[in-house]
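Single-structure report; data block below.
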Amino acid sequence: MRVLVLYASKMGGTEGIAKQVRDAFVDRGLTADVVDLADARSLDGYDAAVIGSGLYATRWRRPARRFVRRHVEALQAMPVWFFSSGPLDPTAAEHDIPPVGQVHSLMECVGARGHATFGGRLPADAKGFPARAMAKKNAGDWRDAEQIRSWGNQIVDDLISLAPVSPQ
Ligand SMILES: Cc1cc2nc3c(=O)[nH]c(=O)nc-3n(C[C@H](O)[C@H](O)[C@H](O)COP(=O)(O)O)c2cc1C
């Protein structure tokens, strides 16, 4: 079983989550790769995919939206999960936060099996106008390693139940 974890990240927070999801898969015996959506070209050779993006103004970043739209058929043919990273407070670890409308529509397009919202990260030295202004009040790291690992483990359980042979 080979899984591709794809991410769109501007400031590195979502990249870190994607790598933790990949690590959860590898620890359970799956083969998993993690790739920046800016470099992703195809899903060839993979049995399942996880796609995530940081949220900016209640939207996924463009490379994530574009990849899903360009690969609808391939994604429809495999199990797919989405995640978003954003809230700069503890809420994402406290309760399930549903996908924003745009991500919900993309999930419907490809028949995604699930979605998780993870807390975000905003560096105190964030560059650029809106980020720097936000960082004065909202800098911090709300990514929850346990929540991320547990979500990765749920996906492995689902994949095992979909393919009754042991993952390789
Ligand atoms: C300009 C700006 C707009 C943002 N808009 C949202 C938003 O609409 N919803 C949300 O939950 N988080 C929002 N965030 C928080 C980011 O999603 C969070 O910092 C995330 O971890 C960024 O991911 P990245 O480090 O992978 O780029 C925003 C952050 C910035 C700087």
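Whatever order the structure lists them in is the order used to number ligands and atoms, beginning at 1.
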Taking N or O atoms only and a 3.5 Å limit, does [X] qualify as a polar contact for ligand 1?
{"X": "Ala57", "answer": "yes"}
{"X": "Leu122", "answer": "no"}
{"X": "Gly13", "answer": "yes"}
{"X": "Pro130", "answer": "no"}
{"X": "Glu15", "answer": "no"}
{"X": "Ser9", "answer": "yes"}

Identify the protein heavy atom lying closest to [atom], giving its residue, its atom name and the separation to 0.1 Å.
{"atom": "atom 27 (O) of ligand 1", "value": "Tyr56 OH, 2.6 Å"}
{"atom": "atom 21 (O) of ligand 1", "value": "Arg121 N, 2.8 Å"}
{"atom": "atom 15 (C) of ligand 1", "value": "Gly86 O, 3.4 Å"}
{"atom": "atom 23 (O) of ligand 1", "value": "Thr14 OG1, 3.3 Å"}

All N/O donor-acceptor pairs, side-chain side in residues 36-54, below 3.5 Å, sequence neighbours left out:
unit_1 : atom_1 : unit_2 : atom_2 : d
Asp36  : OD1    : Ala38  : N      : 2.9
Ser42  : OG     : Asp44  : N      : 2.9
Tyr46  : OH     : Asp33  : OD2    : 2.5
Asp47  : OD2    : Arg2   : N      : 2.8
Ser53  : OG     : Arg61  : N      : 2.9

Exercise. With heavy atoms only and a cut-off of under 4.0 Å, state how Met134 meets ligand 1: side chain, backbone, both or neither.
Key: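 The answer is the side chain.
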Quiz item: At a non-hydrogen distance cut-off of under 4.0 Å, which region of Val100 contacts ligand 1 (side chain, backbone, both, or neither)?
Solution: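 Neither part.
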Any idea which atoms of ligand 1 are less than 4.0 Å away from a heavy-atom of [X]?
{"X": "Lys10", "value": "24 (P), 26 (O), 27 (O)"}
{"X": "Ala131", "value": "31 (C)"}
{"X": "Thr58", "value": "7 (C), 8 (O)"}
{"X": "Gly120", "value": "21 (O)"}

Exercise. Please step through side-chain contact (heavy atoms from CB on, under 4.5 Å) for the pair Ile160 and Val156, ending with a clear verdict.
Key: CA-CA 6 Å; Ile160 290 169; Val156 178; 3.8 Å; yes
Practice problem: Drop me the distance from Met78's CE to Glu73's CD, to the nearest 0.5 angstrom. | Solution: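 Going from the CE atom of Met78 to the CD atom of Glu73 covers 12.5 Å.
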Quiz item: To the nearest 0.5 Å, how far apart are CG in Leu88 and CG in Leu122?
Solution: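 One finds 5.5 Å between CG of Leu88 and CG of Leu122.
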Output yes when a side-chain donor or acceptor of [X] lies under 3.5 Å from a complementary backbone atom of [Y], and no otherwise.
{"X": "Thr117", "Y": "Ala92", "value": "no"}
{"X": "Glu15", "Y": "Ala8", "value": "no"}
{"X": "Arg65", "Y": "Trp60", "value": "yes"}

Self-check item: Shortest heavy-atom approach to atom 13 (C) of ligand 1 - which of Asp141, Leu55, Thr117, Asp89
Solution: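 Considering heavy atoms of Asp141, Leu55, Thr117, Asp89, the nearest to atom 13 (C) of ligand 1 sits in Leu55.
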Quiz item: Is Met107 linked to Val100 within one hydrophobic cluster, defined over Ile, Leu, Val, Met, Phe, Trp and Tyr using a side-chain heavy-atom separation of less than 4.5 Å?
Solution: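 Yes, one cluster joins them.
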Self-check item: Where at least one partner belongs to residues 90-140, residue pairs that pass ring pair (Phe, Tyr, Trp, His ring centres under 6.0 Å), sequence neighbours excluded
Solution: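 As it turns out, the ring pair (Phe, Tyr, Trp, His ring centres under 6.0 Å) pairs with a partner in residues 90-140, which skip direct neighbours, are Phe83-Phe118, Phe118-Trp151.
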Quiz item: When you look at Asp27 and Arg149, which way does the salt bridge (Lys or Arg N to Asp or Glu O under 4.0 Å) test go after all the steps?
Solution: CA-CA 10 Å; Asp27 288 350; Arg149 179 162 287 270; 3.1 Å; yes
Quiz item: Does the distance from a Lys or Arg side-chain N to an Asp or Glu carboxylate O, for Arg28 and Asp157, drop under 4.0 Å?
Solution: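 Looking at Asp157 together with Arg28, the answer is yes, because their closest N to O distance falls below 4.0 Å.
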